[in-house]
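None of these values were measured; they are calculated from a predicted model. Residue numbers begin at 1 in each chain, while the letters A, B, ... track the order of the sequences.
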Number of protein chains: 2
Amino acid sequence: MQGDTVIFKVLRGVRNAINFPRLRNPLHLVSPMDFSELKSVCCGCSIRELCLPAGLTDQEVLLLDQHMSHRQPIKKGESLYRTGDTFRSLYAVSTGFFKTSILHEDGRSQVTGFQMAGEILGLDAISTDRHICDAVALEDSVVCEVPFERFEELGQLMSNLQRRFNRTLSSEIVREQGIMLLLGSMRSEERLAAFLVNLAKRFSIRKQSGSELVLRMTREDIGSYLGLKLETVSRLLSRFHDEGLLDVHGRNIQILDQVGLNRLVGST
Amino acid sequence: MQGDTVIFKVLRGVRNAINFPRLRNPLHLVSPMDFSELKSVCCGCSIRELCLPAGLTDQEVLLLDQHMSHRQPIKKGESLYRTGDTFRSLYAVSTGFFKTSILHEDGRSQVTGFQMAGEILGLDAISTDRHICDAVALEDSVVCEVPFERFEELGQLMSNLQRRFNRTLSSEIVREQGIMLLLGSMRSEERLAAFLVNLAKRFSIRKQSGSELVLRMTREDIGSYLGLKLETVSRLLSRFHDEGLLDVHGRNIQILDQVGLNRLVGST
DNA sequence: CACTCAATTTGATTTAGATCAAAAAAGTGG
DNA sequence: CCACTTTTTTGATCTAAATCAAATTGAGTG
């Protein structure tokens with residue numbers, strides 16, 4: 001294939017250009033390349049800058065690419081991983097929408113996040129080598145698998161990548177702190193408003209409309225995420241609708257008053 | 001000083017023994033050593049195994065030591081850092097007790113954690129280079145400052161350290177998920193019971209009594225952390241006392257029925 | 001030691017959101 | 001297209017925890 005030849009050339013360049021320190025076990029670098037693997041997962045990806053490759057040079061991205069597995073499709077409703085599964089890989093959402101939820105012993109469960117294109121799944125599993133939550137696709141999706149052992153080795157080669165990854169992990173800590181604040185000290189309407197504003201922001205960063213939201217999750221999922229019951233979520237949506245903040249048609253929600261919604265989050 | 005001489009010898013040994021790859025800028029390794037810095041912060045530390053050096057070899061710990069700043073005392077009530085401060089260092093609690101809290105724009109604040117010996121402060125700041133919470137000492141404490149830039153370089157040298165650090169970050173993510181579960185789907189009594197059980201466990205790991213807790217924080221701090229009002233915390237403590245689960249004398253709390261307390265967390 | 005200020009406890013009352021219930025709407029598959 | 005399940009909405013009622021209020025305890029300071 002023509003494409004592969006080009007990439008091969010560039011790769012040779014990368015090896016020479018990047019002045020990386022020697023690995024203790026550099027076998028995976030000097031072994032003959034498997035061309036079937038050279039799918040250039042990241043290089044042509046439209047959301048590169050929102051994902052793991054963010055901030056890397058083209059050459060570094062190419063090196064990262066080499067260590068990624070194929071893209072993997074996940075059908076709506078399927079689990080990417082489940083609680084207790086041994087952890088081998090992180091997953092970057094390429095397209096689609098996921099939810100993660102933890103299970104409490106007594107059957108209760110709580111949604112801990114919704115992930116869209118560019119966001120990383122599985123960061124929590126690094127600590128114990130086992131997944132501690134379930135990741136379920138809420139629509140037909142595609143993920144990029146990142147075998148973590150290889151990724152850690154690559155981090156040793158590319159300080160740039162490692163630094164970015166430290167930030168990725170730290171950002172997840174910050175995100176969760178935001179939810180702690182939301183769950184611990186906001187009233188129901190503030191929570192829902194914050195949720196919608198956040199969702200809209202993330203959609204618009206991805207070049208999708210920041211006002212026309214198509215929710216992929218049920219009211220129950222939203223409620224679980226926000227520490228509310230589904231009835232409360234439904235009532236609040238109706239109220240926001242009545243107040244002219246939103247236009248609600250089932251899971252299609254249009255934000256009519258961005259400012260008003262933002263005011264709800266910050267105040268009271 | 002005699003002590004320094006010994007350490008110096010060992011350090012020479014370390015340099016030769018550890019077969020680390022070359023750094024792009026290895027200046028800080030070959031520059032003449034600053035003996036005043038050689039305090040051996042970690043090596044003799046009793047909580048080494050609970051802290052950043054966990055799992056490192058003696059020689060690796062010595063190398064880490066070389067990159068740490070002095071121990072730094074913090075008086076009760078003082079801030080280690082505040083929201084908005086630029087991030088330069090992580091801090092490992094050596095002795096003492098801290099709380100971290102985030103401030104909402106509208107003045108509301110929420111306690112996001114309590115940190116004791118061996119636990120790391122500042123992980124959330126990596127993402128933005130600014131601290132996003134306040135860290136306040138709840139008793140006279142001592143912290144070990146870990147300049148983060150140097151630490152990242154060291155991570156590039158010692159894959160072992162970097163791997164451990166990835167886990168440290170991931171553990172923090174998991175810890176916060178636990179709190180999300182607590183805030184989102186537990187009733188007040190379960191929250192408080194979970195809090196006490198967790199505190200007791202962490203004390204006992206540190207060779208302190210796992211049943212005689214001396215709380216360093218106010219009822220309001222506890223409430224803020226658990227998403228409850230201080231009156232509720234107080235009432236619950238009184239109730240647990242009446243039910244024979246605890247012996248409560250102000251901030252001195254003795255756990256009388258560990259099993260009963262654990263049952264509260266898991267069930268209902 | 002007494003004084004002051006902060007923290008804690010306890011009681012009475014209110015309320016936000018949960019729970020229970022039932023109808024309406026939207027998917028889904030044969 | 002129809003039968004069937006799941007999801008969503010809306011109403012009536014209940015309750016856990018918040019709020020308001022006041023007394024009590026405790027810690028720190030001149």
Side-chain angles (χ1 to χ4, degrees), chain A residues 75-78 99 108 110-111 136-140 182-196 213-243 246-253 264 267-268, chain B residues 75-78 97 99 108 110-111 136 138-140 182-196 213-243 246-253 264 267-268:
Chain A
K75 282 242 170 296
K76 178 177 173 177
E78 283 181 3
K99 73 169 176 186
R108 275 178 298 186
Q110 169 142 356
V111 174
V136 178
L138 295 182
E139 64 180 343
D140 292 353
L182 180 144
L183 292 172
S185 49
M186 287 188 180
R187 284 174 307 98
S188 60
E189 58 182 35
E190 303 178 75
R191 295 186 202 185
L192 186 62
F195 170 73
L196 292 171
L213 312 179
V214 181
L215 302 184
R216 255 66 234 223
M217 69 293 277
T218 66
R219 304 287 193 255
E220 188 169 15
D221 286 334
I222 299 173
S224 172
Y225 183 61
L226 300 178
L228 302 170
K229 292 292 155 183
L230 68 100
E231 294 96 326
T232 306
V233 173
S234 177
R235 269 183 250 272
L236 284 169
L237 285 173
S238 302
R239 215 179 79 202
F240 287 177
H241 182 102
D242 294 346
E243 292 169 347
L246 304 176
D247 203 10
V248 182
H249 289 100
R251 296 192 183 178
N252 292 25
I253 292 185
L264 264 185
S267 72
T268 311
Chain B
K75 281 244 171 295
K76 178 176 174 178
E78 283 181 2
F97 205 92
K99 73 168 176 186
R108 277 178 297 186
Q110 169 143 356
V111 173
V136 177
L138 294 182
E139 64 179 344
D140 292 353
L182 179 144
L183 292 172
S185 50
M186 287 188 180
R187 286 175 306 97
S188 60
E189 59 183 34
E190 301 178 76
R191 296 187 200 183
L192 187 62
F195 170 73
L196 292 170
L213 312 179
V214 181
L215 303 185
R216 256 61 237 221
M217 70 294 275
T218 66
R219 304 289 193 253
E220 188 168 16
D221 286 334
I222 299 173
S224 172
Y225 183 61
L226 299 178
L228 302 171
K229 293 292 156 181
L230 68 100
E231 295 96 326
T232 307
V233 174
S234 177
R235 268 184 250 273
L236 284 169
L237 285 172
S238 301
R239 215 180 79 202
F240 287 176
H241 181 103
D242 292 347
E243 290 168 348
L246 304 176
D247 204 8
V248 182
H249 288 101
R251 297 195 182 175
N252 293 27
I253 292 185
L264 264 185
S267 73
T268 311

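- Distance CG (B:L228) to C1' (D:dA16): 11 Å, rounded to an integer number of Å.
- The base of C:dT19 lies close enough to the side chain of A:R235 for a donor and an acceptor atom to sit less than 3.5 Å apart.
- Between the B:S238 side chain and the B:S234 main chain, a donor and an acceptor come within less than 3.5 Å of each other.
- Of the residues in residues 213-227 of chain A, those lying under 4.0 Å from DNA chain D by heavy-atom distance are A:T218, A:R219.
- Rounding to whole angstrom units, NZ of residue B:K229 and C1' of D:dT19 are separated by 9 Å.
- Going from atom NZ of A:K76 over to atom C1' of C:dG29 covers 14 Å, rounded to whole Å.
- Residues A:L264 and A:F240 have side chains in contact (heavy-atom distance under 4.5 Å, counting atoms from C-beta outward).
- Toward the 5' end of DNA chain C, the nearer of the two residues A:L236 and B:L230, judged by each one's closest nucleotide, is B:L230.
- B:L192 is listed as a side-chain neighbour of B:L237, based on a closest heavy-atom distance under 4.5 Å.
- Salt bridge B:K229/B:E231: absent, no basic N to carboxylate O contact under 4.0 Å.
- At the phosphate of D:dA18, OP1 or OP2 sits under 4.0 Å from a side-chain N or O atom of B:T232.
- Within the 4.5 Å cutoff, side-chain heavy atoms of B:H241 are placed close to those of B:D247.
- Note on A:S234: every side-chain N or O is 4.0 Å or more away from OP1 and OP2 of D:dT10.
- Side-chain N/O atoms of A:R251 and base N/O atoms of C:dG27 include no donor-acceptor pair closer than 3.5 Å.
- Each end of the helix from C:dC1-D:dG30 to C:dG30-D:dC1 gets its own axis, taken as the rotation carrying the C1' atoms of four end pairs onto the next four within a five-pair window, and the two axes meet at 60° to the nearest 10 degrees.
- The CG-P distance, from A:L138 to C:dG27, rounds to 15 Å in whole Å.
- Annotation: side chain of B:R191 is in contact with side chain of B:L183 (closest heavy-atom distance under 4.5 Å).
- The nearest whole Å value for the distance from the CD atom in A:E190 to the P atom in C:dA16 is 12 Å.
- One can place CD of A:E231 at 18 Å from P of C:dA24, the figure rounded to the nearest angstrom.
- Checked against A:L226 for a side-chain contact (heavy atoms from CB on, under 4.5 Å), the options A:T232, A:L182, A:D221 give a single hit: A:L182.
- Between A:K75 and A:E78 no salt bridge is recorded (no basic side-chain N to carboxylate O distance below 4.0 Å).
- Protein atom CZ of A:R191 is 13 Å distant from nucleotide atom P of C:dA16, rounded to whole Å.
- In this entry the distance linking CZ of A:R187 with C1' of C:dA18 reads 17 Å, nearest Å.
- The side-chain heavy atoms of A:L215 and A:I253, taken from C-beta on, include a pair separated by under 4.5 Å.
- Side-chain N/O atoms of B:S188 include one lying less than 4.0 angstrom from OP1 or OP2 on D:dA17.
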